[in-house]
Amino acid sequence: MNAVALALPGRLARGNTLPILVVSACFLAFWYAAAIWMNAGLIAGRSSGLDAISFAKAAWSLDRPLLPAPHQILWELKTSLFDARLGTPRNLFTHIGVTLSSTLVGFAIGVTLGILLAIGVDRSRALDKSLTPWLVASQTIPILAIAPIVVTALGSVGLKGLIPKAIISAYLCFFPVAIGMAKGLASPDSAQRDLMRTYAAGARTTLTKLQLPASLPFLFASLKVAAAAAFVGAIVAELPTGAQSGLGARLLAGSYYGNTMQIWAALIAAALTASLLVGAVTLIERLALGPKGARR
Amino acid sequence: MNRLAGLIALSLGLIAAGLTLAALARSPAFSGHAPAGFWLGVLLAWLCAWAANVALSRTPATGRLATIRDAAVPVAFGIWLVLLWEIVVDGAGVSPALMPAPSTILARLGEAAPTLWADFRQTALKAALIGWLIGCASGIGAALVADRFPFLARGMAPLAGLASALPIIGLAPIMVMWFGFDWPSKAAVVVAMTFFPVFVNTVAGLAASGALERDLMRSYGAGWLRTLIMLRLPAALPFIFNALKLASTLALIGAIVAEFFGTPIVGMGFRIQTEAAKLSLDMVWAEIVVASVAGSAFYGALAALERRMTFWHPSVRMRTA
Amino acid sequence: MTPNERAGPAIAIRSLSVSFTTPEGPIHALQDVDLDVTPGDFVSLIGPSGCGKTTLMRLVADLERPTAGTISIGGLAPEQARERRAYGYVFQQPALYPWRTIERNVTLPLEVMGAPKAERRERARKSLEQVGLSGFERRFPWQLSGGMQQRASIARALAFDAGLLLMDEPFGALDEIVRDRLNVELHELWERTGKTALFVTHSIQEAVFLSTKIVVMSPRPGKIVEVIDASSLPRKRALELRETPEFLEVARRVRDGLRAGHAYD
Amino acid sequence: MTPNERAGPAIAIRSLSVSFTTPEGPIHALQDVDLDVTPGDFVSLIGPSGCGKTTLMRLVADLERPTAGTISIGGLAPEQARERRAYGYVFQQPALYPWRTIERNVTLPLEVMGAPKAERRERARKSLEQVGLSGFERRFPWQLSGGMQQRASIARALAFDAGLLLMDEPFGALDEIVRDRLNVELHELWERTGKTALFVTHSIQEAVFLSTKIVVMSPRPGKIVEVIDASSLPRKRALELRETPEFLEVARRVRDGLRAGHAYD
Amino acid sequence: AEPVTLQLKWVTQAQFAGYFVAKSKGFYTDEGLDVTINPGGPDIAPAQVLAGGGADVIVDWMPSALAARERGVPLVNIAQPFKKSGMMLTCRADSGVKTPADFKGKTLGVWFSGNEYPFLAWMAKLGLKTDGSPSGVKVLKQGFNVDPILQKQADCVSTMSYNEYWQVIDGGLKPDDLVVFPYEKQGVATLEDGLYVNEAKLKDAAFVAKMAKFVKASMKGWAFVAKNPDEAAAITLEADASGAQTEAHQKRMAGEIAKLLDTGSGALDEADYKRTVQTLLGAGGDAPVITKEPTGAFTHAVTDAAK
Ligand SMILES: Nc1ncnc2c1ncn2[C@@H]1O[C@H](COP(=O)(O)OP(=O)(O)OP(=O)(O)O)[C@@H](O)[C@H]1O
Ligand SMILES: Nc1ncnc2c1ncn2[C@@H]1O[C@H](COP(=O)(O)OP(=O)(O)OP(=O)(O)O)[C@@H](O)[C@H]1O
Ligand SMILES: Cc1ncc(C[n+]2csc(CCO)c2C)c(N)n1
Ligand SMILES: [Mg+2]
Ligand SMILES: [Mg+2]
């Protein structure tokens with residue numbers, strides 16, 4: 001491997017490209033091997049006396065494999081993303097859009113709530129002492145497990161469709177934001193705070209001129225976590241609530257009809273979308289904080 | 001001292017008043033159609049309780065008394081939360097199929113204790129705990145390997161990024177396919193859920209030791225393993241503990257949700273799901289209470305261990321000072 | 001409104017004591033401190049690490065409350081003085097805000113106090129020039145060396161033109177040459193404006209060069225050992241003064257005072 | 001095995017250059033540096049902030065690689081010297097490990113090198129005594145003042161008895177009295193043991209007091225301006241030496257050299 | 001038009017074709033109704049939706065409806081388009097199960113969430129324990145698919161004659177590889193897919209009239225399904241927002257559904273009702289489905305008004 005590295009142009013060898021290529025290749029090879037190994041049982045039952053190559057081929061082209069080969073997933077992704085008519089339920093983009101829209105609404109609600117809570121907790125000692133332990137405890141409630149109850153309960157007060165899913169997303173993402181933001185608001189050191197005191201600055205000025213700017217790196221770090229959490233929240237909220245569209249519904253339908261490929265395709269699509277979401281937050285962070293990121 | 005005792009007595013008195021109001025809301029005369037005056041009373045009592053809490057939290061205290069005060073404030077707040085819940089459910093006559101009263105949940109906790117224990121063993125002690133242990137251990141192990149072989153780490157970065165963006169819960173049906181119905185498939189989901197946060201945080205923690213501190217080890221001609229044991233692992237502990245705490249909440253939730261995709265007929269997720277469908281929400285909430293108490297206790301234990309092991313870290317020092 | 005417009009001492013400290021409560025018991029940081037600062041005085045505090053110099057400054061600035069005793073600043077309580085923005089404070093650390101450029105760090109106090117934009121920029125320009133940082137307006141603090149950051153924080157205190165300057169080891173992070181230069185600059189500024197200054201340093205030479213009065217302190221608990229008058233030295237000073245016998249004599253007295261109060265070993 | 005058991009210079013530096021690549025282009029930290037250090041020499045590096053003193057020390061310690069030129073330490077390459085634990089390094093910051101007590105910080109190098117427990121404790125006791133920290137063995141670093149932390153880090157370098165001492169501004173954080181005391185201690189240690197020392201300081205007085213040779217540097221790119229010989233001063237020194245004309249003469253030469261190379265304004 | 005919300009018990013599929021047809025063909029509009037059909041899912045308990053006011057009328061199975069009734073949600077059956085049960089237990093022949101007597105010690109996949117009652121009743125009748133004790137059967141909570149039987153994780157799984165059974169076939173097992181036990185033939189059949197409303201609302205004559213129109217139009221839809229299963233399947237497919245259903249499967253399902261229907265007035269047959277109640281009462285056990293004979297659990301008022 002070293003010889004290869006030396007033979008390659010310097011930049012390639014020194015950068016991340018080569019390691020990524022090598023590791024990805026190993027990973028794919030491992031996957032294909034695993035696909036043969038795991039699917040062997042399914043083939044053996046049906047057709048016997050195959051030579052090694054046709055055996056591998058068979059293992060990589062099963063309809064309902066235990067582990068589909070990567071190219072099968074890619075093919076499924078391509079079919080469901082680009083071959084199916086746009087805007088129809090058969091096109092995966094439709095489902096990504098549905099999940100994304102409730103993710104974004106939930107994210108907006110959760111982030112707003114998280115920031116307000118953090119400011120409240122920062123301002124009021126009573127609120128901090130009373131609320132903080134319960135906020136931590138609230139995260140141990142398996143909200144995802146009671147999503148159906150939540151959805152029906154919300155339905156009974158007239159909240160339907162996108163909103164219940166968004167509320168579950170918001171529940172999952174307000175906590176990291178509140179914690180991160182509270183940390184950020186408390187992050188200025190005593191010298192930085194004392195400086196404001198020497199200027200006889202009030203609480204509001206201290207908040208806008210010192211605490212808010214100081215908390216931005218913390219906020220963005222937790223926004224990334226929150227974006228991923230909101231997305232997972234939206235997907236999982238779709239699982240048990242009988243949502244008809246969305247990536248969660250797609251996973252469920254795949255599972256219901258034993259369509260392994262559809263599950264994998266939905267999973268990969270979800271991972272890509274989540275990466276994009278986190279990427280978008282990172283981009284905003286860059287724009288807001290400059291290339292130095294945290295700036296310290 | 002006097003002020004503290006007085007305020008705690010006041011809080012207790014107000015809680016007694018709240019209990020009376022709750023009993024009133026349950027009485028046939030009020031249940032389901034409490035008059036406006038009643039609600040006004042509830043509001044008043046609650047405002048008084050909040051004011052007492054504000055005063056309590058502002059009371060100066062040191063040492064033991066401060067500990068008492070810091071415990072009393074959230075406890076009083078929590079008790080009132082439960083009281084309000086009880087009063088609203090009873091007083092407004094909310095259907096038990098939508099939201100049961102805390103008193104009913106409590107009763108159910110007692111009656112169904114054996115079932116709850118069996119479910120707890122299946123989901124928390126087997127799936128969640130074992131999955132958590134494996135996930136955390138392999139996360140830390142993988143981080144060490146990645147640290148030892150930077151080539152691997154650089155190559156794995158994008159794959160790890162993508163994998164950690166997977167909604168891991170979606171793996172549950174696949175895991176059932178691979179590992180069967182019983183707890184191992186749930187533990188596998190928990191492993192997948194906890195692995196990445198632990199891996200990422202450990203990697204960050206291993207990078208946390210300062211350049212100067214590392215130069216010091218270098219100036220002693222210390223190798224990778226020695227530097228790891230004497231410097232980088234201790235310096236990484238705060239990060240690792242953060243991940244372990246996060247993973248502990250993920251683990252129980254993951255194990256519960258994974259049971260949606262097929263289980264033997266025991267387990268917290270199984271119970272929540274089937275009882276919810278039968279409209280026995282008191283049982284559902286009883287399971288949730290068990291999950292929250294167990295989750296908080298585990299989290300608390302980890303936090304205590306963290307404080308002991310990272311006593312030197314500024315964030316811990318500040319709290320004890 | 002600045003303290004030296006009033007009659008009486010600029011700062012009057014009477015039987016001041018401070019102790020901090022810690023888990024291991026109380027720490028007596030200052031005990032029974034009395035001090036008078038006349039308007040236009042330049043007073044240096046010198047003493048071993050941990051003797052309470054910073055604590056004393058913080059008390060004057062109303063960043064800490066005394067356990068006993070009183071402080072008056074031009075007749076006002078420290079809190080009122082702070083609220084009237086009677087002083088500029090240079091901390092031991094630069095305490096620059098990393099998300100603001102050097103210029104916007106310097107204009108920060110003016111922003112808080114609501115000065116118009118044009119004035120803010122003009123004042124920033126001037127005070128950055130005074131500390132030799134012209135041309136670094138658009139840089140961020142982390143792009144400057146430690147010494148330059150400290151100078152920026154001095155510029156920030158100068159930009160907002162208070163009658164009383166509180167400076168806590170402002171030149172600690174600088175090398176000798178730059179330090180000498182800034183000593184001269186600070187001296188000239190003080191001489192020209194007639195501000196009152198309270199100044200902390202570890203350097204005997206610096207203390208003697210800048211001050212009209214040198215307060216020598218001793219630790220555990222922090223006390224004033226001696227107040228040495230340096231007004232015998234000329235009011236206008238240049239670096240050469242440091243080689244004169246008068247200067248060396250005052251320096252010797254300071255050193256003796258320090259040694260007397262020193263608690264090491 | 002220690003360098004001064006060998007013939008030839010303890011450190012020999014030949015046409016050494018270092019530049020750092022940064023996103024804004026290369027920074028030339030050192031250019032064409034030549035230096036010889038005889039075994040038993042005490043060599044001080046002095047120069048304005050950013051002139052490359054720390055960089056030069058780090059190169060000797062094999063914590064940085066040169067862009068051009070060679071370094072030999074008692075005939076060995078820096079890497080070999082480091083692996084044979086030929087030097088003790090005191091960094092500009094204390095770099096103590098917060099999870100270890102002061103004692104266990106001091107025994108850290110001995111642990112790495114596999115010394116038996118009893119010997120570790122005995123050596124720690126001795127070197128903590130040397131820096132005046134007896135009684136603080138069980139404390140943690142954050143419970144000590146900055147100056148005490150710096151002293152602990154000196155004790156750590158002394159505990160492990162290398163023939164070559166690299167000290168980067170070890171006394172920067174201390175007040176004058178303590179600093180004077182430690183100057184005397186360090187001088188006596190050096191005198192007694194015959195170690196070779198490379199020492200960075202910002203204080204002219206300190207440099208002259210301790211050294212047999214003073215290297216004056218100038219910044220951008222870091223160069224040696226002048227090497228001033230101080231071996232004309234007696235080998236055994238006491239603080240009073242600082243008032244003698246010979247001492248003041250050497251100090252003046254250092255100051256002039258510094259001023260010549262200084263790039264400020 | 002009067003609004004009506006219908007909550008289905010399961011995802012959009014030909015099992016509910018009658019309602020989709022009625023909506024698509026305008027039978028509801030003809031009656032002056034504006035019907036919204038909400039699909040269900042694995043964890044949608046229609047009774048809970050009804051209790052929460054999320055629907056006017058729901059499709060549910062009678063065992064869970066009666067259980068909900070005992071737990072304080074007063075469901076009343078207003079119509080019963082499905083005459084026969086489609087529920088079966090499907091076993092692998094190679095597991096050695098030939099008759100119910102062979103179940104002992106075997107692993108059986110069962111649906112929960114209120115759908116387990118007929119199974120529990122059956123096992124009670126066979127005298128087999130379901131709590132995991134060795135003298136009984138091992139019960140798995142079956143997921144959404146039939147993988148457990150395909151992968152031999154279970155010896156038998158629950159199937160509907162119109163749906164999961166065919167997935168087993170599609171999964172590669174031949175009918176000869178399977179042994180099926182339809183509940184109808186085991187004498188433990190319970191009524192499935194009835195229409196239920198909240199008892200309190202039935203006091204309102206206007207509501208009864210509205211439901212009468214709804215049932216009438218729905219039965220018209222079911223009659224259409226019985227005659228044109230293929231077209232009904234196509235209409236269902238159109239209504240499917242998940243995009244996961246296939247035409248072949250839906251056509252087959254519509255054909256199987258037609259065999260279970262009673263395309264008359266939709267009125268509940270009291271004999272069927274009695275049989276269901278007896279089966280459930282017989283189930284007993286520690287957590288009985290129902291403990292006493294229900295009263296007022298069905299009404300003919302709506303179907304009478306629809307005539
Ligand atoms: N917030 C605090 N809590 C407890 N002790 C404190 C606090 N602030 C200062 N002290 C203690 O009070 C004493 C005086 O501290 P102070 O910072 O005023 O010293 P100093 O003279 O400024 O020292 P240096 O020269 O090192 O800056 C020290 O012993 C210090 O440990
Ligand atoms: N890792 C690095 N990357 C880029 N530039 C560096 C790096 N290390 C040092 N420099 C630059 O090299 C020059 C010399 O730095 P060095 O730390 O050796 O100075 P110094 O003489 O020790 O200064 P001081 O007295 O402030 O400690 C400086 O201009 C510094 O900015
Ligand atoms: C997880 C789960 N599986 C099955 C059912 C039961 N069920 C209700 S309608 C219907 C017909 C589908 O073919 C079936 C099988 C359920 N409620 N939840
Ligand atoms: Mg200080
Ligand atoms: Mg340096």
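Side chains are part of it too, since the values below use all heavy atoms of this structure and drop only hydrogens, waters and symmetry mates. Chain letters run A, B, ... following the sequence lines, proteins first, then strands; residues in each count from 1.
Residue-level contacts of residues 281-290 of chain B with chain A, in order of numbering, are B:Leu281, B:Val284, B:Ile288; threshold 4.5 Å between heavy atoms.
Side-chain atoms of B:Arg154 never come within 3.5 Å of backbone atoms of A:Ile20 as a donor-acceptor pair (strictly under, hydrogens ignored).
Neither the backbone nor the side chain of A:Leu277 comes within less than 4.5 Å of any heavy atom of chain B. Only the side chain of A:Phe27 comes within contact range of chain B, with at least one heavy atom under 4.5 Å from a heavy atom of that chain. A:Thr273 does not touch chain B: none of its heavy atoms, backbone or side chain, sits under 4.5 Å away. Of the atoms belonging to A:Ile263, it is side-chain heavy atoms, and not backbone ones, that fall under 4.5 Å from chain B. In this structure, chain A has no heavy atom under 4.5 Å from any part of B:Leu246.
Closest approach of A:Leu66 to B:Met177, counting heavy atoms only: O-CE, 3.4 Å. The nearest pair of heavy atoms linking A:Val236 to B:Val257 is CG1-CG1, 4.1 Å. Pairing each heavy atom of B:Ser292 with each of A:Thr140, the nearest pair is CA-OG1, 3.2 Å. In terms of heavy-atom proximity, B:Ala165 sits nearest to A:Ala271 at CB-O, 3.5 Å. In plain terms, the two heavy atoms of A:Leu267 and B:Pro167 that are nearest each other are CD2-O, 3.8 Å.
The number of heavy-atom neighbours closer than 6.0 Å to NZ of A:Lys183, taken from other residues, nucleotides and ligands shown, is 12 or below. Atom CH2 of A:Trp31 has more than 12 neighbouring heavy atoms from other residues, nucleotides or ligands inside a 6.0 Å radius.
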Check your understanding: Going through the distances and angles, do B:Val54 and A:Arg125 end up as a side chain to side chain contact (heavy atoms under 4.5 Å, CB included)?
Key -> CA-CA 8 Å; B:Val54 169; A:Arg125 201 178 144 80; over 6 Å; no
Point to revise | A:Lys129/B:Phe77 under side chain to side chain contact (heavy atoms under 4.5 Å, CB included): CA gap, chis, key distance, verdict | key: CA-CA 9 Å; A:Lys129 292 249 150 121; B:Phe77 184 83; over 6 Å; no
**Study point:** A:Val136/B:Tyr299 under side chain to side chain contact (heavy atoms under 4.5 Å, CB included): CA gap, chis, key distance, verdict
**Key:** CA-CA 9 Å; A:Val136 174; B:Tyr299 190 97; 3.9 Å; yes
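Here A:Ser124 contributes atom OG and B:Arg58 contributes atom CZ; the two are 6.5 Å apart, rounded to the nearest 0.5 Å. Between the CG atom in A:Leu251 and the CG atom in B:Leu171 there is a gap of 9.0 Å [rounded to 0.5 Å].
Looking only at heavy-atom pairs under 4.5 Å with chain A, the residue among B:Thr249, B:Val176, B:Leu159, B:Leu56 that has the most is B:Leu159. Listed options A:Ala228, A:Ala137, A:Ala126 were ranked by heavy-atom pairs under 4.5 angstrom with chain B; first place goes to A:Ala126. Taking B:Ala72, B:Ser296, B:Ala55 one by one and counting their heavy-atom pairs under 4.5 Å with chain A, the maximum is reached by B:Ser296.
The side-chain heavy atoms of B:Leu162 and A:Ser275, taken from C-beta on, include a pair separated by under 4.5 Å.
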